[in-house]
There are 2 protein chains.
Amino acid sequence: MSSVIEKKSRMAADERRVLVLDAASTVFGNAGYAGATTDMVARAAGVSQPYVVRMFGTKEQLFLEVLHRALERIMSAFREAIAGDPEVPVARRLGNAYFTLTADRSILLNLMHAFVLGADPVIGVQARCGFMDVYRLLREEAGMSAEEASEFLAGGMLANVVLGMRLFDDYATDPAVRELLGAVFPEKLELIRKGHPPLPASTPPRVT
Amino acid sequence: MSSVIEKKSRMAADERRVLVLDAASTVFGNAGYAGATTDMVARAAGVSQPYVVRMFGTKEQLFLEVLHRALERIMSAFREAIAGDPEVPVARRLGNAYFTLTADRSILLNLMHAFVLGADPVIGVQARCGFMDVYRLLREEAGMSAEEASEFLAGGMLANVVLGMRLFDDYATDPAVRELLGAVFPEKLELIRKGHPPLPASTPPRVT
DNA sequence: TTGCGTTGTAATCATCCGATTACCTAATTC
DNA sequence: GAATTAGGTAATCGGATGATTACAACGCAA
């Protein structure tokens, strides 16, 4: 019922910092960079709004840190997978690693928000750099061909979109959704579905 | 050098309406829903800001119209492709149609912006509906299997991300970008590259 | 020309948001 | 235990933004 961390009075700034970063990741992931406010982040972290901006300088720098941390997690998860059991093909190991990452929607959602802001002079640059870092990892460290890497990334982007769209919210009401999700997350469907329950006020889909 | 349409004095409201919708598509596509302002749209369309909101009621309704029009264009392009030359496989026809759509970045970018806003109570619903409409078209009208449709959509999502990220801006400076783009747009690379010149102030990528 | 509906804008409003300032209080040090 | 640093917040500011209102100019019909 209670939150995981419920400290009273003072806390080390470093601890508070990761709390705020976690909150920012969730908020930015749901609302996007421009749609989120520093006050939303502050409330989610249980601190005051001025404290958030003073810790990170600007809203933009806060988002860049969130983005950077998301990329770090992906890269390290992939590196672990690459160093894993050589019996199973590397593409499958990486796929499993990616699947594990979906447990925290915000990681992948923040990446997607950055990816579609390529026209932004500062976020766009970081998005391109981060994306190409991942591509290079697939090519050079995982030993994939350009076509294999492209195909792997394509599947990942579709998974990201499906998560961002909250398609799981319509799992119960639309058989086509079930079918598609089954194709996007082969074998893992039931597992991943448990981690993505529909929002409380899930509106039934209306056709236009 | 001059814009396509340069009418003086009065114009029929319907004509003006499509001008504003075109402008809105570009602006929303670049900045996203929350990042764009009605004033940016107004300036791009050459009208006053109050006129924009009076024509469409609210900024949200304007975005929904942009989104709806984008979906309509995709659906009709796909239906044309499905009705095309039966000699060439339908997946290839659809791929060509999708490639043609990339000529207007904003169509696909607005879709992506909507797709990552699934948590929004009104945009999210439209995003899911529109996406599933496309999926159903692939399954029922194009006769694809669930796996074929999923694979097709995956490739499309990667293409959208690559366009949104403005990866073409780094084509000249990064060989890995060239390689990846070659894998994402097989055969069509040179063709599509002509339609996506880098921004004037293209910042060279910095590694973090 | 007068009248009137359509097309459009200038001015303005209320709100929100990121950022700044000034201040407060719990620890830590000496 | 006084002094000092570190961890915070309340209050507020200036600018941006979506929306409203009131008004102006054009064009057409009688």
Side-chain angles (χ1 to χ4, degrees), chain A residues 3 5-67 113 117 119-123, chain B residues 3 5-28 30-67 113 117 120-123:
Chain A
S3 58
I5 297 177
E6 207 170 318
K7 277 283 205 36
K8 285 194 184 294
S9 82
R10 292 301 170 82
M11 184 181 296
D14 296 354
E15 301 177 51
R16 198 66 96 177
R17 196 184 165 84
V18 324
L19 284 188
V20 173
L21 269 175
D22 286 342
S25 187
T26 302
V27 170
F28 280 127
N30 280 330
Y33 170 62
T37 72
T38 55
D39 191 60
M40 290 165 68
V41 173
R43 286 174 194 278
V47 297
S48 67
Q49 180 263 342
Y51 196 34
V52 170
V53 337
R54 219 186 43 181
M55 264 201 290
F56 295 92
T58 66
K59 175 185 169 181
E60 187 179 65
Q61 285 172 23
L62 172 56
F63 181 72
L64 290 179
E65 283 217 37
V66 166
L67 184 59
H113 284 298
L117 286 184
D120 183 287
V122 31
I123 295 176
Chain B
S3 57
I5 296 177
E6 207 169 317
K7 278 282 203 41
K8 286 193 186 294
S9 84
R10 290 300 173 83
M11 185 182 295
D14 296 354
E15 302 177 51
R16 198 67 94 177
R17 195 182 164 84
V18 324
L19 283 188
V20 174
L21 269 175
D22 286 342
S25 187
T26 302
V27 171
F28 280 127
N30 281 329
Y33 170 63
T37 72
T38 55
D39 191 60
M40 289 165 69
V41 173
R43 286 172 195 277
V47 298
S48 68
Q49 180 264 342
Y51 197 33
V52 170
V53 337
R54 221 188 38 184
M55 266 199 291
F56 296 92
T58 66
K59 175 186 169 182
E60 187 179 64
Q61 285 173 23
L62 172 56
F63 181 72
L64 289 179
E65 283 218 36
V66 166
L67 184 60
H113 284 296
L117 287 183
D120 183 287
V122 32
I123 296 177

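Hydrogens, waters and symmetry mates play no part in the numbers below; they use all other heavy atoms, side chains included. Order of the sequence lines fixes the chain letters, A, B, ..., with proteins taken first and strands second; residue numbering starts at 1 for each chain.
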| message | Quick one, Asn30(A) with His113(A), criterion side chain to side chain contact (heavy atoms under 4.5 Å, CB included). Give me CA distance, side-chain angles, the key distance, then yes/no. | response | CA-CA 9 Å; Asn30(A) 280 330; His113(A) 284 298; over 6 Å; no

Under 3.5 Å, which donor-acceptor pairs do the side chains of residues 17-27 of chain B form with other protein atoms, sequence neighbours left out?
unit_1	atom_1	unit_2	atom_2	d
Arg17(B)	NH1	Met55(B)	O	3.4
Arg17(B)	NH2	Glu65(B)	OE1	3.2
Arg17(B)	NH2	Glu65(B)	OE2	2.5
Asp22(B)	OD1	Arg69(B)	NH1	3.0
Asp22(B)	OD1	Arg69(B)	NH2	2.9
Ser25(B)	OG	Ser106(B)	OG	3.1
Ser25(B)	OG	Asn110(B)	ND2	3.3
Thr26(B)	OG1	Asp22(B)	O	3.3

Grab the [atom1]-[atom2] distance between [X] and [N] for me, whole Å please.
{"X": "Leu62(B)", "N": "dT17(D)", "atom1": "CG", "atom2": "P", "answer": "15 Å"}
{"X": "Arg43(A)", "N": "dG8(D)", "atom1": "CZ", "atom2": "P", "answer": "18 Å"}
{"X": "Asp14(B)", "N": "dT6(C)", "atom1": "CG", "atom2": "C1'", "answer": "12 Å"}
{"X": "Met55(B)", "N": "dG18(D)", "atom1": "CE", "atom2": "C1'", "answer": "15 Å"}
{"X": "Glu15(A)", "N": "dA6(D)", "atom1": "CD", "atom2": "C1'", "answer": "14 Å"}
{"X": "Phe56(A)", "N": "dG7(D)", "atom1": "CZ", "atom2": "P", "answer": "13 Å"}

| Protein-to-nucleotide contact annotation, 5' to 3' order, nucleotides 9-22 of chain C [B base; S sugar-phosphate only; - none; under 4.0 Å, heavy atom] | BBB-----SBBB--

| query | Do you know the tightest heavy-atom contact between Gln61(A) and Phe56(A)? | reply | OE1-O, 2.9 Å

| field | Where Val122(B) and Asp120(B) come nearest, the two heavy atoms and their spacing | value | N-OD1, 2.8 Å

| said: For a side chain to side chain contact (heavy atoms under 4.5 Å, CB included) check, start with the C-alpha distance between Leu62(B) and Phe28(B), then their side-chain angles and the critical distance, and finish with the verdict. | reply: CA-CA 10 Å; Leu62(B) 172 56; Phe28(B) 280 127; 3.9 Å; yes

